[in-house]
Amino acid sequence: MAKDLECDVLVAGSGASGFAAALTAAIDGLEVIMVEKAEVFGGTTCFSAGVIWIPSSRQAREAGITDDRDSVLDYLQAEAGNRLDRDKAESFTDNAASVLEWFEANSHLSYMLSPAWSDYHPGQPGASKGGRSLGPRPFDGRTLGKWFDKLRPPIKTTTILGGMMVGREDLPQFFTMTKKLSSATHVSKLFLRYAKDRLSYSRGTRLSNGNALIAMLARSAFERGVKLLLKTPMAELTTESGRVSGAVVDAPEGRMTIRARKGVVLACGGFPANDELRARLYEHVAAGKNHQTLAPAENTGDGIKLGRMLNVAVVEGQAQPAAWVPISLVPQPDGTTIPFPHFIDRGKAGYIAVDKRGRRFINEAMSYHDFVPAMVEACRDDLEVHSYLICDTTAIRAYGLGAAPPLPGRLGPHIASGYIKQADTLAALAAQCGIDEQGLSRTVALLNEGAPKGEDPEFGKGTDPYQRFNGSIGHGPNPCVAAIERAPFYAIRLVPGDIGTFIGMRTDAHARALDNAGQPVSGLYVVGNDAASFMGGTYPGAGITLGPALVFGHLAARHIASGG
Ligand SMILES: Cc1cc2nc3c(=O)[nH]c(=O)nc-3n(C[C@H](O)[C@H](O)[C@H](O)COP(=O)(O)OP(=O)(O)OC[C@H]3O[C@@H](n4cnc5c(N)ncnc54)[C@H](O)[C@@H]3O)c2cc1C
């Protein structure tokens, strides 16, 4: 039997939302224990790009970008309609910038603005054409000391040489390294640092993306005395006199109770890895179709199960049950596959996605969350959901395809493994992929006709700032449109995936869990993807889960610290 423990605040889950709550509570002088089910910490957040959607940040103001409360709320309202949780939307909008400033002033958290990163639907009222999405600064993993080995590594297919991280901010240099000396120098420095790291570490220690975010929060939390217990899933909540008083956890030494004097925070990252819930709540899975999550296997909806036992309400009627992304499956030498998320390549010039009839079904530069439902719809009468992303030699050399890198990277291993199909003619490519030859030929002919003028008569690719943000650098007249004409031609198979769930528990503006009658469950808080998306299952812009994860993690801890 393990010895029982006691603390002020008990947090289940070590993703961004859990760490935001734990760190805030610790800075406020509370004694904090975090329990984590996995043998590593950081959850889905460690797989993520670490981008946060924080309107009116200090960084945006300093860059001269003006934004205001009404525009933010108008945009959220336009996106989510009557599914918007207005109380939470207002709480988020009013607190987001100051919470980020607070973290930056009190911890190692450090973010930079990506000024051109437009909201995903810039035509909507209140949308921003750039200034609400911020990315983490690279962080030195060596400063985590012994904890570095326990930080969940990024998804392997998103690294170079199996362990070198590349941040969104590094991508332009990678894409232009054969053309610009400054880019070549930047990239060479990254490779040199990585080579040096590998003499002493199992992977690169220059962390970017979600790994940087978690490392910054974790280092700060450890410095403030937060105790993290790995391989210790929360199994049951305990109550005393009608108030949540702690939990029973399964530690490696055995079952034990952790008493929480002031509050318990559920931050278990939703249910993306729960087969049963996916089969019930994802329409295409309910119809027997294929789906694969990018989230870790441990995110099986434990938080929701724990909350349900205490009658916490679950909001099921979201516009979409999860945050979608098209993925491709990269074959590994041991016969397994690892998913690769297609966030960016679809938007570039000279890439189109077609179904097996050879028809395009969406403007490929639209967001990943919009792309998947269109692909599901295109395959409504088929046994499975898939499409092919297609490009020619000019495009693949400049930007790669999925996990296959641009020049001077090697395509050969990806062709040999069957990940990428290659053919000298479009007809041969269609035959290899099982695509209707005539259909593909018609689609490409239409694209090639408009391409010299930068026009996409079928879907209007490249017609707004978000689409152009992901386009090909310096490619005119439209950075998202180019002809597919130079052999050989290439294709990669896309299937539906997700990066986390939107259905979750009902919470209020302080992140308190609410029961079916709308009353707070005393002593219990829910943050991150365990909480229902207050944006109603829509995806307004880059960072719309991690921004709220930080903000409501912080607000939960503040409410606990102020006496609950
Ligand atoms: C490739 C990719 C890129 C992404 N990029 C972005 C981005 O740039 N911006 C953005 O906003 N979103 C992004 N996302 C989505 C984002 O990562 C998630 O929405 C977010 O990380 C969820 O945070 P969380 O704290 O709720 O959960 P997580 O980070 O998943 O953490 C939950 C933790 O709880 C643990 N846990 C589960 N059950 C228990 C239990 N019973 N007891 C204790 N612990 C438990 C899990 O093991 C896990 O470590 C991306 C996702 C992916 C996969």
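Along the sequence shown, residues carry numbers from 1. Order of listing sets the numbers, starting from 1, for every ligand and every atom in it.
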Just to be sure I read this right, does ligand 1 sit under 4.0 Å from the backbone of [X], its side chain, both, or neither, counting only heavy atoms?
| X | result |
| --- | --- |
| Asn299 | side chain |
| Phe41 | neither |
| Ala235 | neither |

Backbone or side chain, does any N or O of [X] fall under 3.5 Å from an N or O of ligand 1?
| X | result |
| --- | --- |
| Lys37 | yes |
| Gly528 | no |
| Arg152 | no |
| Glu36 | yes |

query = Does Trp324 have its ring centroid less than 6.0 Å away from the ring centroid of Tyr368?
reply = no
key: Ring centres under 6.0 angstrom apart (Phe502, His369)   = yes
ask   = Do you see a donor-acceptor pair shorter than 3.5 Å between the side chains of Lys305 and Thr300?
value =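 No, Thr300 and Lys305 have no side-chain donor paired with an acceptor closer than 3.5 Å.
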Identified ring-ring contact (aromatic ring centres under 6.0 Å, His included) partner of Tyr120 from the options Phe343, Tyr539, Trp53 = Tyr539
remark   = Output for pair (Arg206 CZ, Asp170 CG), nearest 0.5 Å, gives 4.5 Å
So which of [options] gets nearest to [atom], if we judge by its closest heavy atom?
| atom | options | value |
| --- | --- | --- |
| atom 51 (C) of ligand 1 | Thr157, Ile499, Asp302, Leu213 | Ile499 |
| atom 5 (N) of ligand 1 | Ala21, Ala49, Cys46 | Ala49 |
| atom 10 (C) of ligand 1 | Thr545, Thr300, Ile214 | Thr545 |

Does the residue [X] have a heavy-atom contact with ligand 1, meaning some pair of atoms that are separated by less than 4.0 Å?
| X | answer |
| --- | --- |
| Phe343 | yes |
| Gly500 | no |
| Ser14 | yes |
| Gly543 | yes |

ask   = Which atoms of ligand 1 have any heavy atom of Met234 under 4.0 Å away?
value = 40 (C), 41 (N), 42 (N), 43 (C)
What residue and atom, counting heavy atoms only, is the protein's closest point to [atom], and at what distance?
| atom | value |
| --- | --- |
| atom 22 (C) of ligand 1 | Asn529 ND2, 3.5 Å |
| atom 3 (C) of ligand 1 | Ser48 CA, 3.3 Å |
| atom 11 (O) of ligand 1 | Leu546 N, 2.7 Å |

